[in-house]
Amino acid sequence: MPRYTAPTKDMQFILHDVLNIADHDIPGYTDLERDFTSAIFEEAGKIASEVLTPLNTVGDTEGCVMENGVVRTPTGFKEAFDQMSEGGWPGIDMPEEFGGMGLPYVMNTAVGEMFSSANQAFTMYQGLTHGAASAILVHGTEEQKATYLPKMVSCEWTGTMNLTEPHCGTDLGLMRTKAEPQGDGSYKISGQKIFISAGEHDMADNIIHLVLGKIVGGPEGIKGVSLFIVPKLLVNEDGSLGARNGVSCGKIEEKMGIHGNSTCVMNYDEATGYLLGEEHKGMRAMFTMMNEARLGVGMQGLAQAEVAYQNALDYAKDRLQGRDVTGVKNPDGPADPIIVHPDIRRNLMEQKSFTEAGRAFLLWGSTLIDRAHRSEDADADGLVSLLTPVIKGFLTDKGYDMTVQAQQVYGGHGYIEEWGMSQFTRDARIAMIYEGANGVQALDLVGRKLAQDGGKHVMAFFDLVKGFCKDNAEIEGMEEFISPLKAASKDLQAAGMYFMQEGMKNPNNALSGSYDFMHLFGHVCLGLMWSMMAKASLAALSNGTDDPVFHETKLATGRFYMTRTLPMTAMHLARIQAGGEAVMALDAANF
């Protein structure tokens, strides 16, 4: 059975030595001292490895089963879910007035990575609840908050989001789900939603569905979409559960992965619903949940890459095949472990250098969310809005790639279910699709986010990189990080300039290069993270650290990324500057 150990030491390094979170002026950050975060990570890591990891294979092999409209989750899920709820983990960053711990979002992100690495399908139940609760927290009335949030924060009740319909995915203006006003402030919701994660299950007393629909008589298209709270069981005025609502699970989808999560077809038959936010402003309320979910999905891509890497590393150290070309390393055995071979080293280094920088990128992004929300910083909000499609799209694309590479380390055993590597690849695959397919993320980045607020936020990013390079250029040992980062940043700026010059002439020139731009941007972000980590490790070594091996290893891994991976920006730039002519050359009939 695969194993998982939470990378708590790396998380502590990023939070305290790289991001210096205790020195931030963000409300709540002064409490995040090293001992405090260490205690939380240690306990979360223990739950991840001892409770959730053993259930990952169980969830994959058993899946969810529907019996007479009731969805049964895999063996052990309910007990583990209760344990998570009792420990307060689902509400780690939710307000204390609703039963949460009130910690910053960055702590939720770090703990969430551990839980997702250990068991992605299981962790989705509480993750989706967190997103739904966040939408109610921001857009709900005081009465709605008091009614739903305490139970959702504790995960006594879980939550979902219902967007997609059989004929309507990305283009939500095509949806047919309708809402008829009842005169008492409620609505009757009718329609069908598909791909609803955790839509029905047996682990909570109630399920609070957030459902997009159109109020009868409202505007056409996306301008007529509203968001509604539709509980599985109606809630009485005293907070007790009442009658069953007109919502049911039609079936569970058979999926490639995340078998332990119930992905449902949900039918709404004049179900009672309550408006969340303003009429016809449903997308505004939904995107509170969607943006959080997209960062969470980026975290899932990273999380699957991390657990796959850990197991591939174990295998590479144990599997004996062939001899080291430079000399025997295991003279007492019939062969050397495969980790001696350069191509296996390349494979593992690509995984290691991605996961460590990806983690730093994700945690840095989470501090921007905290600054935006806790300090009401519009610049931080704009920057994280720009980076959200990069975090979601790049980390899930590369995270999936890394699970494939981890599988490759095993050779034929990686293709055999007994070894468990297949599950990481299958589970990681969905992250590239849901919460906005990665092609849509790239279009959002190029089509909307670059020009947002007159290009203010992308220019702020360029200034951030430029400022870092200038401020740290003279530090001994930083040149091998600063120089490639500068080159990569220039490639990103050149790509942006190309879009400005050629995209206006022909939008296909920009949109054909959008996917490459998302990856180019992602590589620059990881290059920046490696440069920041290198600075911290060089300082630690200069100051006489108690753990020189950790920091020397960090620097060696960063050098690998800067020399072997970051030059990919030049390839992405060349593809972007090739324009859209070759992409659009064929008539549809000629494919």
Side-chain angles (χ1 to χ4, degrees), residues 6-24 26 29 32 34 37 41 104-114 116-117 295-296 298-306 309-310 349-371 380 383-384 386-388 390-399 402 461 464-465 468-469 472 478 481-482 484-485 488-489 519 521-540 550-562 565-566:
T8 55
K9 186 174 183 178
D10 200 49
M11 290 178 176
Q12 288 283 83
F13 167 71
I14 294 167
L15 291 182
H16 296 286
D17 299 327
V18 180
L19 299 178
N20 300 307
I21 56 171
D23 295 334
H24 285 227
I26 302 170
Y29 269 47
L32 300 182
R34 198 179 292 262
T37 58
F41 291 165
Y105 180 76
V106 69
M107 294 299 291
N108 181 69
T109 299
V111 169
E113 183 201 327
M114 299 181 199
S116 286
S117 281
L295 288 167
M299 178 263 289
Q300 288 178 342
L302 170 67
Q304 292 306 297
E306 171 65 31
Y309 165 71
Q310 288 188 18
M349 286 294 282
E350 287 183 2
Q351 295 175 60
K352 180 176 173 63
S353 63
F354 166 75
T355 57
E356 293 181 14
R359 178 173 301 113
F361 184 29
L362 193 66
L363 293 174
W364 175 56
S366 297
T367 66
L368 292 176
I369 290 178
D370 279 329
R371 183 171 293 283
L383 183 55
V384 79
L386 169 72
L387 294 174
T388 293
V390 183
I391 292 172
K392 195 280 184 183
F394 182 71
L395 291 186
T396 59
D397 274 354
K398 301 306 291 185
M402 294 305 130
F461 178 81
L464 188 156
V465 174
F468 179 89
C469 292
N472 298 286
M478 282 298 291
F481 291 89
I482 297 295
L485 178 60
S489 182
H519 275 248
F521 208 148
H523 282 302
V524 173
C525 288
L526 265 57
L528 175 62
M529 294 301 106
W530 269 120
S531 299
M532 292 167 63
M533 289 189 286
K535 178 184 177 182
S537 282
L538 287 168
F550 174 86
H551 295 288
E552 289 163 358
T553 301
K554 187 67 68 174
L555 289 167
T557 308
R559 292 183 192 108
F560 176 91
Y561 193 89
M562 304 307 276
T565 303
L566 192 56

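In this structure, the side chains of Ile21 and Leu363 stay at 4.5 Å or more apart for every pair of heavy atoms. In this structure, Tyr561 and Glu356 have side chains that are not in contact, with every pair of non-hydrogen atoms separated by 4.5 Å or more. Inter-residue side-chain proximity for Met532 and Leu528 is flagged as met; some heavy-atom pair is nearer than 4.5 Å. Taking the side chain as every heavy atom from C-beta outward, Leu295 and Thr109 never approach each other to under 4.5 Å. The side-chain heavy atoms of Phe354 and Thr565, taken from C-beta on, include no pair separated by under 4.5 Å. Counting only heavy atoms from C-beta outward, the side chains of Cys525 and Met529 never approach each other to under 4.5 Å. Contact annotation: the side chain of Ser353 never approaches that of Met562 to less than 4.5 Å [non-hydrogen atoms, C-beta and beyond]. Residues Trp364 and Ile14 are not in side-chain contact: their nearest non-hydrogen atoms beyond the backbone lie 4.5 Å or more apart.
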Please evaluate residues Val524 and Phe461 with respect to the criterion side-chain contact (heavy atoms from CB on, under 4.5 Å), reporting the C-alpha separation (whole Å), side-chain torsions for both, the decisive distance (0.1 Å), and the verdict.
CA-CA 10 Å; Val524 173; Phe461 178 81; 3.9 Å; yes

Should Phe13 and Lys554 be marked as a side-chain contact (heavy atoms from CB on, under 4.5 Å) after you check the CA-CA gap, both sets of side-chain angles, and the distance that decides it?
CA-CA 10 Å; Phe13 167 71; Lys554 187 67 68 174; 3.7 Å; yes

Between Phe394 and Phe361, does a ring-ring contact (aromatic ring centres under 6.0 Å, His included) hold up when you go through it step by step?
CA-CA 11 Å; Phe394 182 71; Phe361 184 29; 7.6 Å; no

May I have the step-by-step check of side-chain contact (heavy atoms from CB on, under 4.5 Å) for Phe41 and Leu15, ending in yes or no?
CA-CA 12 Å; Phe41 291 165; Leu15 291 182; 3.6 Å; yes

Set out, in order, the CA-CA distance, both residues' side-chain angles and the distance that settles side-chain contact (heavy atoms from CB on, under 4.5 Å) for Phe468 and Ile482, then state yes or no.
CA-CA 9 Å; Phe468 179 89; Ile482 297 295; 3.9 Å; yes

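Rounded to the nearest 0.5 Å, atoms CG (Leu368) and CZ (Arg371) are 8.0 Å apart. Annotation: the span from Leu32 atom CG to Asp23 atom CG amounts to 11.5 Å, rounded to 0.5 Å. With rounding to the nearest 0.5 Å, the separation of CD in Glu113 from CG in Asn108 is 12.0 Å. Atom CG of residue Leu485 and atom CH2 of residue Trp530 lie 14.0 Å apart, to the nearest 0.5 angstrom. Leu19 CG to Tyr29 OH: the interatomic distance, rounded to the nearest 0.5 Å, is 8.5 Å. With rounding to the nearest 0.5 angstrom, the NZ atom of Lys398 is 7.5 Å from the CD atom of Glu350.
With no hydrogens or angles considered, no side-chain donor-acceptor pair links His24 and Thr367 at under 3.5 Å. Checking Gln300 against Gln304 by side-chain atom types alone, no donor-acceptor pair falls below 3.5 Å.
The heavy-atom pair separating Thr355 from Leu302 by the smallest distance is O-CD1, 3.4 Å. Between Ser116 and Ala303, the closest heavy-atom pair is CB-CB, 3.7 Å. The heavy-atom pair separating Asp17 from Asn20 by the smallest distance is O-OD1, 3.6 Å.
Gln12 places a side-chain N or O within donor-acceptor distance of the main-chain N or O of Arg34, the cut-off being under 3.5 Å. Using modelled atom types, one side-chain atom of Thr396 and one backbone atom of Lys392 make a donor-acceptor pair closer than 3.5 Å.
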